[in-house]
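Inspection log for the structure reproduced underneath, given as structure tokens.
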Amino acid sequence: PQKDVHGIRFMQRDIMVFDSSLHNYCDSISCLHALEHFGLGRYGDDVDPDGHIKGMHNMVNMLKKGGTLYLSVPIGLTQRIEFDCHRVFNKQTLFRLFKQFNLEIGLRHYVDEHGDITASFPDCHLGCGIFELIKR
């Protein structure tokens, strides 16, 4: 059951479907371990190789200028899809995606495959990237 919290409005939408009524709607969005699944069909969604790009577009569109996207995704040295489980993003793909959507990196943290938090993108097969992204 949904609880009302002062100053927070709960809304549930399919982020893969563009909704123009939500343009510049909010000042923050959290997308924690979800983007990597968009478009892979695992959760009943349509298979779409560009699902992560469409989802990112729709989230950024919802943010007001100066708004923050809190994002976490699997990371590794090689860009890949572990079908139909999830995508693993490499550094080049992630940073190109951030630039494409005019997102400035605020805070960033990386977790390597041993669970250690690192300051730079780890040299690992499977880790986690956690980002605070600001819409310019």
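We use all heavy atoms of the structure for the numbers below, so side chains are in, but hydrogens, waters and symmetry mates are not.
- Cluster membership for Phe83 and Val88, using ILVMFWY side-chain heavy atoms within less than 4.5 angstrom, is not shared.
- Contact record, Leu69 with Met59: CD1-SD, 4.1 Å, taken as the closest heavy-atom pair.
- Both the sub-6.0 Å distance and the 45° axial angle are not jointly satisfied by Lys91 relative to the ring of Phe89.
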* Asked: Please walk me through it: do Cys26 and Lys64 pass side chain to side chain contact (heavy atoms under 4.5 Å, CB included)?
  -> CA-CA 6 Å; Cys26 58; Lys64 295 176 183 175; 5.9 Å; no
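- With hydrogens and angles ignored, the 3.5 Å screen pairs a side-chain donor or acceptor of Asp45 with a backbone N or O of Gly39.
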* Given Arg13 and Leu22, is the side chain to side chain contact (heavy atoms under 4.5 Å, CB included) satisfied, shown in steps? -> CA-CA 10 Å; Arg13 294 283 195 274; Leu22 297 177; 4.0 Å; yes
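- Side-chain heavy atoms closer than 4.5 Å link hydrophobic residues (I, L, V, M, F, W, Y) into clusters, and following such links, possibly through other members, connects Phe38 to Leu97.
- Nearest approach of Arg87 to Asp48, heavy atoms of both residues: NH2-O, 3.5 Å.
- With a 4.5 Å cut-off on side-chain heavy atoms, Leu133 and Glu104 do not count as touching.
- Taken from OG in Ser28 to CD in Glu132, the straight-line distance is 10.5 Å, to the nearest 0.5 Å.
- Not a single donor-acceptor pair under 3.5 Å links the side chain of Asp116 to the backbone N or O of Asp112.
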Only distances under 3.5 Å count here; give the side-chain donor-acceptor pairs of residues 73-81 to other protein atoms, sequence neighbours excluded, each with its distance to 0.1 Å.
unit_1	atom_1	unit_2	atom_2	d
Thr78	OG1	Arg80	NH1	3.1
Gln79	OE1	Asn90	N	2.9
Gln79	OE1	Thr93	OG1	3.2
Arg80	NE	Glu82	OE2	3.0
Arg80	NH1	Thr78	O	3.1
Arg80	NH1	His125	O	3.4
Arg80	NH2	Glu82	OE2	3.3
Arg80	NH2	His125	O	2.7
Arg80	NH2	His125	NE2	3.2

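- Ile15 and Asn58 get closest at one heavy-atom pair: O-ND2, 2.7 Å.
- In this structure, the separation between CZ on Arg96 and CD on Gln92 is 7.5 Å, given to the nearest 0.5 Å.
- When all heavy atoms of Tyr70 and Thr68 are compared, the closest pair comes out as CZ-CG2, 3.4 Å.
- Counting heavy atoms from C-beta outward, Met56 and Leu103 have side chains that approach closer than 4.5 Å.
- Ring geometry for His57 versus Phe18: interplanar angle of 30 to 60°, hence tilted.
- In the hydrophobic cluster analysis, where Ile, Leu, Val, Met, Phe, Trp and Tyr join through side-chain heavy atoms closer than 4.5 angstrom, Tyr25 is grouped apart from Ile134.
- Phe121 and Leu126 fall into different hydrophobic clusters, where Ile, Leu, Val, Met, Phe, Trp and Tyr side chains are chained together by heavy-atom contacts under 4.5 Å.
- Closest of all the heavy-atom pairs between Ser72 and Leu32 is OG-CA, 3.2 Å.
- Both Phe131 and Val60 belong to a single network of hydrophobic side chains, linked directly or stepwise wherever heavy atoms of I, L, V, M, F, W or Y lie under 4.5 Å apart.
- Rounding to the nearest 0.5 Å places SG of Cys128 at 4.0 Å from CD1 of Ile130.
- For Asp19, the CG atom sits in a packed shell: over 12 heavy atoms of surrounding residues, nucleotides or ligands are nearer than 6.0 Å.
- Under the 3.5 Å distance criterion, the side-chain polar atoms of Lys135 are matched with a main-chain donor or acceptor of Leu63.
- Within the model, atoms NE2 of His52 and CG of Leu35 stand 7.0 Å from one another, a figure rounded to the nearest 0.5 Å.
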* Checking side chain to side chain contact (heavy atoms under 4.5 Å, CB included) for the pair Phe98/Ile105: CA distance, chi angles, key distance, verdict? -> CA-CA 8 Å; Phe98 300 161; Ile105 300 173; 3.8 Å; yes
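- Taking the salt bridge (charged side-chain N to carboxylate O under 4.0 Å, His left out) definition, one finds that Arg108 meets it with nothing, sequence neighbours left out.
- Atoms NZ and CG, on Lys54 and Asn61 in that order, are 15.0 Å from each other to the nearest 0.5 Å.
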